[in-house]
Student: 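The structure that follows is given in the form of structure tokens.
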Amino acid sequence: MTALPRLHLAVQKLGRLSDLSRDLLRDAGLRIQHGKNDLAARVENFPVDLMFVRDDDIPVFVSDGVCEFGIVGLNVLEEFALGRPDARFEIIARLGFGRCGLRLAASDRIAYGGPQSLAGARIATSYPRIVKRFLDERGVEATVVEMNGAVELAPRLQIATFICDIVSTGATLEANGLRVVDSVLESEAVLIRTSKPLAPEKRSEEHTSELQSLMRIS
Ligand code: PRT
Ligand code: ZN
């Protein structure tokens, strides 16, 4: 019997989803080989290699078919997809961990009576496309200010009145004198698969059934 071609599964290298992703794969029965290489690991009992990368790269790699599978937060995936209408991936399982929400927040002093209160305001975020979609769907015009981190500081620095950021416990908002005023997206980790056609050698029936057992993780 010829060995099956190995597939690639992209997981976050270091961050909130790293350990949970590895735990999930272990619980699904995959034996992850511990080697010296901290950028990749071989799975002993399955024709899959894990690739440890930045979470922002995962949708790109899967869409481009560089990795056939990936585990990533829905927030990162949606932001990517809105910028790439030709993105080629499908969500095959919601994984139930990494739950968080993309929330609009502002200082206690700012009145908020619904999305119309955002008209003409500045909103700081690391998710400009998702925020733009939220505004467009509600017919609200506002200025979206993109920040790559420390978004909670924007009101204090007078960069923006509102922020839109990931919230889980809310402790970070509270520590910065901010409160949630609206919800933009509910997120959790998802398993995605490339929609780019697989190379012929990866399309064998045997391989497809291997793929399906991987997909059963949920
Ligand atoms: O280095 P790399 O680019 O891979 O990682 P990253 O720093 O971009 O992401 P990381 O590891 O912080 O988060 C990975 C994913 O975890 C996110 O994309 C979300 O899908 C998910 N997740 C779940 C969270 C949180 N919970 C969360 N609380 N991501 C970020 N946070 C932040 C939040 O924005 C706040 O600043 O954690 C801080 C604490 O949150 P509170 O509300 O509990 O105070
Ligand atoms: Zn990231």
Side-chain angles (χ1 to χ4, degrees), residues 8-25 32 37-41 50-64 66-67 69-84 87 89-108 123-134 144-157 159-160 162-193 217-218:
H8 306 90
L9 168 59
V11 296
Q12 191 185 25
K13 180 176 185 320
L14 193 65
R16 288 167 187 274
L17 302 183
S18 313
D19 288 347
L20 294 165
S21 300
R22 288 181 219 207
D23 291 350
L24 174 92
L25 296 170
I32 302 168
N37 189 350
D38 59 359
L39 293 180
L50 304 188
M51 301 290 145
F52 301 120
V53 297
R54 291 281 307 269
D55 67 348
D56 316 79
D57 289 334
I58 294 173
V60 186
F61 289 166
V62 173
S63 180
D64 291 348
V66 172
C67 292
F69 293 95
I71 294 176
V72 67
L74 202 52
N75 49 309
V76 172
L77 187 65
E78 291 241 329
E79 183 66 18
F80 162 79
L82 288 171
R84 286 268 297 263
F89 67 84
E90 60 181 307
I91 296 174
I92 51 179
R94 287 179 168 257
L95 299 174
F97 64 83
R99 287 186 194 278
C100 56
L102 195 51
R103 312 276 184 236
L104 277 161
S107 139
D108 294 337
I123 308 167
T125 187
S126 307
Y127 297 86
R129 298 186 189 105
I130 297 177
V131 173
K132 183 88 175 46
R133 178 180 64 183
F134 178 88
V144 178
V145 183
E146 186 169 354
M147 286 177 71
N148 292 319
V151 173
E152 292 92 348
L153 289 180
R156 204 188 305 172
L157 297 173
I159 293 170
F162 293 92
I163 68 164
C164 184
D165 199 13
I166 295 294
V167 175
S168 89
T169 63
T172 308
L173 287 186
E174 201 183 320
N176 285 282
L178 301 171
R179 75 181 202 293
V180 171
V181 296
D182 219 331
S183 290
V184 172
L185 183 82
E186 300 303 322
S187 182
E188 66 185 282
V190 291
L191 175 64
I192 57 173
R193 175 175 63 185
I217 312 163
S218 66

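Numbering starts at 1 and runs along the sequence shown. Note that the structure is predicted; figures quoted are calculated from it, not measured. Note that ligands are numbered from 1 as they come in the structure, with each ligand's atoms numbered from 1 the same way.
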Student: Report the name of the N/O/S atom of D55 located nearest to the Zn ion (ligand 2).
Tutor: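 So the atom name we want here is OD1.
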
Student: Hey, is ligand 1 close enough to L17 that some N/O pair sits below 3.5 Å?
Tutor: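 In this structure, L17 places no N or O atom under 3.5 Å from an N or O of ligand 1.
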
Student: Which of the numbered atoms in ligand 1 are under 4.0 angstrom from any heavy atom belonging to V76?
Tutor: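 Reading through ligand 1 atom by atom, the close ones are 18 (O).
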
Student: May I ask you to check if ligand 1 and Y127 share an N or O to N or O distance below 3.5 Å?
Tutor: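 No.
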
Student: Closest approach of A154 and I163, non-hydrogen atoms and distance?
Tutor: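 Distance-wise, the nearest heavy atoms are CB-CG2, 4.1 Å.
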
Student: Show me which atoms of ligand 1 lie under 4.0 Å from any heavy atom of G73.
Tutor: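 Under 4.0 Å from G73, ligand 1 has these atoms: 20 (O).
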
Student: Does E152 use its side chain to pair, donor to acceptor, with the backbone of N176 at less than 3.5 Å?
Tutor: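 Absent.
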
Student: Run the numbers for me: atoms of ligand 1, each under 4.0 Å from some heavy atom of D56, listed by number.
Tutor: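 What qualifies from ligand 1 is 3 (O).
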
Student: Within a distance under 4.0 Å of any heavy atom of G15, pick out the atoms of ligand 1 and give their elements.
Tutor: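 That gives atoms 11 (O) of ligand 1.
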
Student: Is it the case that over 12 heavy atoms from other parts of the model lie below 6.0 angstrom from the CD1 atom of I159?
Tutor: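 Result for CD1/I159: enclosed.
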
Student: Go through ligand 1 atom by atom and flag the ones less than 4.0 Å from a non-hydrogen atom of V167.
Tutor: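 Within the 4.0 Å cut-off of V167, ligand 1 contributes 42 (O).
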
Student: For ligand 1, which atoms sit closer than 4.0 Å to a heavy atom of T169?
Tutor: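 Matching atoms, with element in brackets: 41 (P), 42 (O), 43 (O), 44 (O).
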
Student: Does a side-chain heavy-atom distance below 4.5 Å link V72 with V11?
Tutor: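 No; the side chains remain at least 4.5 Å from each other.
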
Student: Does E79 use its side chain to pair, donor to acceptor, with the backbone of R129 at less than 3.5 Å?
Tutor: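 Judged by distance alone, yes, a pair lies under 3.5 Å.
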
Student: Show the numbers, then the answer: is there a salt bridge (charged side-chain N to carboxylate O under 4.0 Å, His left out) between E174 and R179?
Tutor: CA-CA 7 Å; E174 201 183 320; R179 75 181 202 293; over 6 Å; no

Student: Charged N to carboxylate O below 4.0 Å: is that the case for K13 and D57?
Tutor: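 Salt bridge flag = no for D57 with K13.
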
Student: Answer yes or no for K13: is there a heavy-atom contact with ligand 1 below 4.0 Å?
Tutor: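 In this structure, K13 fails to qualify as a contact of ligand 1 - no heavy atom is under 4.0 Å.
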
Student: Heavy atom under 4.0 Å from ligand 1: found in D165's side chain, backbone, both, or neither?
Tutor: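 Just the side chain.
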
Student: Tell me which protein heavy atom sits closest to atom 20 (O) of ligand 1, plus the residue, atom name and distance to 0.1 Å.
Tutor: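 Looking only at protein heavy atoms, the one closest to atom 20 (O) of ligand 1 is N75 OD1, 2.6 Å.
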
Student: So which atom in V190 and which in L95 form the shortest heavy-atom distance, rounded to 0.1 Å?
Tutor: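 Heavy-atom minimum between the residues: C-CD1, 3.7 Å.
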
Student: Is it the case that R22 places NZ or CZ above or below the six-membered ring of F52, under 6.0 angstrom from the centre and within 45 degrees of the axis?
Tutor: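 Relative to the ring axis of F52, which defines the angle, R22 lies inside both limits.
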
Student: Considering only N, O or S atoms, which atom of D56 is nearest to the Zn ion (ligand 2)?
Tutor: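 So the atom name we want here is OD1.
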
Student: Please check: side-chain N/O of S183 versus main-chain N/O of L185, any donor-acceptor pairing under 3.5 Å?
Tutor: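 Absent.
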
Student: Pull out every atom of ligand 1 sitting under 4.0 Å from any heavy atom of T172, numbered as shown with elements.
Tutor: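 Listed by number with element: 35 (C), 38 (C), 39 (C), 40 (O), 41 (P), 44 (O).
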
Student: So, R103 and E186, do they make that salt bridge, N to O below 4.0 Å?
Tutor: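 Salt bridge flag = yes for E186 with R103.
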
Student: I'd like to check atom 26 (N) of ligand 1 in this structure: does the protein have a heavy atom lying under 4.0 Å from it?
Tutor: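 Flag for atom 26 (N) of ligand 1 set to true, protein heavy atom closer than 4.0 Å.
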
Student: Could you name the option among A171, G101, C100 that has the heavy atom nearest to atom 22 (N) of ligand 1?
Tutor: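 The option holding the nearest heavy atom is C100.
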
Student: How far is atom 8 (O) of ligand 1 from its nearest protein heavy atom, and which residue and atom is that?
Tutor: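 The protein heavy atom lying closest is D55 OD1, 3.4 Å.
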
Student: With heavy-atom distances below 4.0 Å as the criterion, list the atoms of ligand 1 near E152.
Tutor: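 Reading through ligand 1 atom by atom, the close ones are 35 (C), 36 (O).
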
Student: Among R54, R16, Q12, E79, whose heavy atom sits nearest atom 30 (C) of ligand 1?
Tutor: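 Minimum heavy-atom distance to atom 30 (C) of ligand 1 goes to R16.
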
Student: Between the main-chain N or O of A87 and the side-chain N or O of S63, is there a donor-acceptor pair closer than 3.5 Å?
Tutor: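 The answer is no, because no donor-acceptor pair under 3.5 Å joins these two groups.
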
Student: What residue and atom, counting heavy atoms only, is the protein's closest point to atom 34 (O) of ligand 1, and at what distance?
Tutor: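 Its nearest protein heavy-atom neighbour is I166 O, 2.7 Å.
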
